[in-house]
Number of protein chains: 2
Amino acid sequence: MLYHYYRGASMQQTARKEMDERKGGRNSQLVFEVLAGSDRPMTAYQLLAVLRGQGLKAPLQVYRALDQLIDEGLVHKIESLSAFALCTHCEAASHEGAAFTICVKCGRTEEIHDTALGRLLGRLACKQGFRTTSTTVELSGVCEACSNG
Amino acid sequence: MLYHYYRGASMQQTARKEMDERKGGRNSQLVFEVLAGSDRPMTAYQLLAVLRGQGLKAPLQVYRALDQLIDEGLVHKIESLSAFALCTHCEAASHEGAAFTICVKCGRTEEIHDTALGRLLGRLACKQGFRTTSTTVELSGVCEACSNG
DNA sequence: AACCAGTATGTTATGTTATTACATTCGTCA
DNA sequence: TGACGAATGTAATAACATAACATACTGGTT
């Protein structure tokens, strides 16, 4: 089931630029390209299904590639979907303040970057002496297009 | 593997009060009690392992109980752990503005409730015409106790 | 009581997501 | 060359979640 692969060919320019210049492994490149050609997040197994054509055979190859891309800040995991999406704010120094809207109708996500959010979460953590290393902010609901349609 | 069951017997009073008065099914009661006796979130299968002693046999029994408790607002799912924790802010009218800190060392979580956070997320969603139905805010890092220890 | 419809629960099987463990290859540097 | 560590390949399995169907309990109606 490839779902909606290639339906949204628009490329996230910032991540694309990063990727052209990077020297990651072949599998990371492949995973990146597939995510870039998708208009919504994909699960590791959806990626694998597509990439069997390019010789990939096992989930671990995909998970390792995703780990690398996440480490490099090129990909985000959407926890509530167990799925992965390109980062659309790669120019940002950090990913603090990153958030996602997730439409339960169409499955599309949008990444938001808001410095006030980053600061607020930082303050809240600080209040209880917590040292944050990563944040997950996900809003489930209905996107504008699906509300109107 | 029961992990840390019963190590933290302190009960979240607000949720406890709600539970004493509710008329849910037996399985929901059991799941609630086990979560109440745990000092950290538990996965569905950890709950099942404990509850086999009370006659539960299948994951679905636990998942259904959890779904009910979540619907009632007594339990939260921690997405990034695939685990479940009692709500410690049951008195709050809504769960907008709820957030969790998750210590990667000790596995404990703390629930935070902050109205400014709820408002900010509402504004961010609004900006892109998104109608939010539920929010997930999770901070991974190191808690104060583990930082000092 | 007998019946029915609707809801909740039990049980088996299966689907989906993620990792462990170990083998192999590849690059680098003495 | 050979020794080392890092990256990659492969198989097996663990961990998380749901589908599909059976059974039992509920309250209302005749």
Side-chain angles (χ1 to χ4, degrees), chain A residues 1-3 22-32 34-35 38 40-72 74-85 102 104 107 134 136 138 140, chain B residues 1-5 22-32 34-35 38 40-72 74-85 102 104 107 134 136 138 140:
Chain A
M1 293 182 274
L2 305 191
Y3 292 116
R22 86 186 213 95
K23 40 180 165 293
R26 168 182 152 78
N27 291 352
S28 294
Q29 290 282 348
L30 291 171
V31 166
F32 182 94
V34 175
L35 281 178
S38 172
R40 63 204 73 190
M42 295 178 71
T43 70
Y45 280 76
Q46 286 167 359
L47 288 162
L48 178 58
V50 171
L51 288 170
R52 286 200 189 276
Q54 325 293 314
L56 269 72
K57 289 183 180 148
L60 191 49
Q61 294 176 290
V62 175
Y63 281 109
R64 283 205 274 237
L66 287 167
D67 284 346
Q68 289 169 13
L69 293 167
I70 290 169
D71 283 349
E72 295 170 44
L74 296 176
V75 165
H76 291 286
K77 177 170 186 183
I78 315 288
E79 296 287 350
S80 56
L81 298 178
S82 297
F84 303 86
I102 302 166
V104 297
S134 75
T136 299
E138 299 172 10
S140 289
Chain B
M1 293 183 274
L2 304 191
Y3 293 114
H4 314 282
Y5 185 49
R22 88 186 211 93
K23 38 179 168 293
R26 169 182 152 80
N27 291 353
S28 296
Q29 289 282 347
L30 290 171
V31 166
F32 182 94
V34 175
L35 281 177
S38 172
R40 65 203 71 189
M42 295 178 71
T43 70
Y45 280 75
Q46 288 168 357
L47 287 162
L48 178 57
V50 171
L51 288 169
R52 284 198 190 278
Q54 326 292 316
L56 270 71
K57 289 183 180 149
L60 193 49
Q61 294 176 290
V62 175
Y63 281 109
R64 284 205 274 235
L66 287 167
D67 283 346
Q68 289 169 14
L69 292 167
I70 290 169
D71 283 348
E72 296 170 42
L74 297 175
V75 165
H76 291 286
K77 177 170 187 183
I78 315 289
E79 297 287 350
S80 56
L81 298 178
S82 296
F84 303 86
I102 302 165
V104 298
S134 76
T136 298
E138 299 171 12
S140 289

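Residue numbering restarts at 1 for every chain, and letters A, B, ... go by the order of the sequence lines.
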Using a cut-off of strictly less than 4.0 Å, decide whether Gln61(B) has a side-chain nitrogen or oxygen near OP1 or OP2 of dT9(C).
no
Please determine, for the side chain of Ala58(B), which listed nucleotide (dT18(D), dT10(D), dT11(C)) has the closest atom?
dT11(C)
Could you tell me how far apart Asn27(A) (CG) and dA6(D) (C1') are, to the nearest whole angstrom?
15 Å
Atom CD of Gln46(A) to atom P of dA18(C): distance rounded to whole Å?
11 Å
Under 4.5 Å between any side-chain heavy atoms of Phe84(B) and Val31(B), yes or no?
no
For Ala44(B), answer base if it contacts any base atom (sugar-phosphate contacts may also be present), sugar-phosphate if it contacts only those atoms, and nothing otherwise; contact means non-hydrogen atoms under 4.0 Å.
nothing
Atom pair CD1/NZ of Ile70(B) and Lys77(B) - distance to nearest 0.5 Å:
7.5 Å
Side chains of Ser80(A) and Glu79(B): is there a donor and an acceptor less than 3.5 Å apart?
no
Atom pair OG/CG of Ser140(B) and Leu81(B) - distance to nearest 0.5 Å
7.0 Å
Round to a whole Å and report the spacing from CG of Leu60(B) to P of dA15(D).
20 Å
Would you compute the distance between atom CZ of Arg40(B) and atom CD1 of Ile78(B) and round it to the nearest 0.5 angstrom?
13.5 Å
Can you check nucleotides 25-28 of chain C for protein contacts, nitrogen or oxygen pairs under 3.5 Å, and list what you find?
none

Separation of dT16(C) atom C1' from Leu48(A) atom CG, nearest Å, is 13 Å
Closest nucleotide of DNA chain D for Gly55(A) versus for Glu79(B): which of these residues is on the 5' side?
Gly55(A)
Quick note, Tyr63(A) side chain, CB onward, closest among dT12(C), dT10(D), dA18(C) is dA18(C)
Report yes if at least one side-chain N or O of Lys57(A) is closer than 4.0 Å to OP1 or OP2 of dG9(D); otherwise report no.
no
Whole-Å distance between dA7(D) C1' and Leu56(A) CG?
14 Å
On a heavy-atom basis, the closest approach of Gln68(B) and Ser28(B) is OE1-OG, 2.5 Å
Are any of Lys77(B)'s side-chain N or O atoms less than 4.0 Å away from OP1 or OP2 of dC16(D)?
no
I need the CG-P distance between Leu51(B) and dG10(C), as an integer number of Å.
12 Å
Do the side-chain N or O atoms of Ser82(B) get closer than 4.0 angstrom to the phosphate oxygens (OP1, OP2) of dA15(D)?
no
Hey, is Tyr45(A) doing a stacking thing with dT16(C), by the 5.5 Å centroid and 30° angle criteria?
no
Length of the CD-C1' vector between Gln54(A) and dG9(D), whole Å:
17 Å
Rounded to whole Å, CG of Asp67(A) lies from P of dA18(C) at a distance of 10 Å
Output for pair (Leu66(A) CG, Leu47(A) CG), nearest 0.5 Å, gives 6.0 Å
pair Asn27(B)-Gln54(B): side-chain heavy atoms closer than 4.5 Å
no
In terms of the nearest nucleotide of DNA chain C, which residue is placed more toward the 5' end: Arg64(A) or Thr43(A)?
Thr43(A)
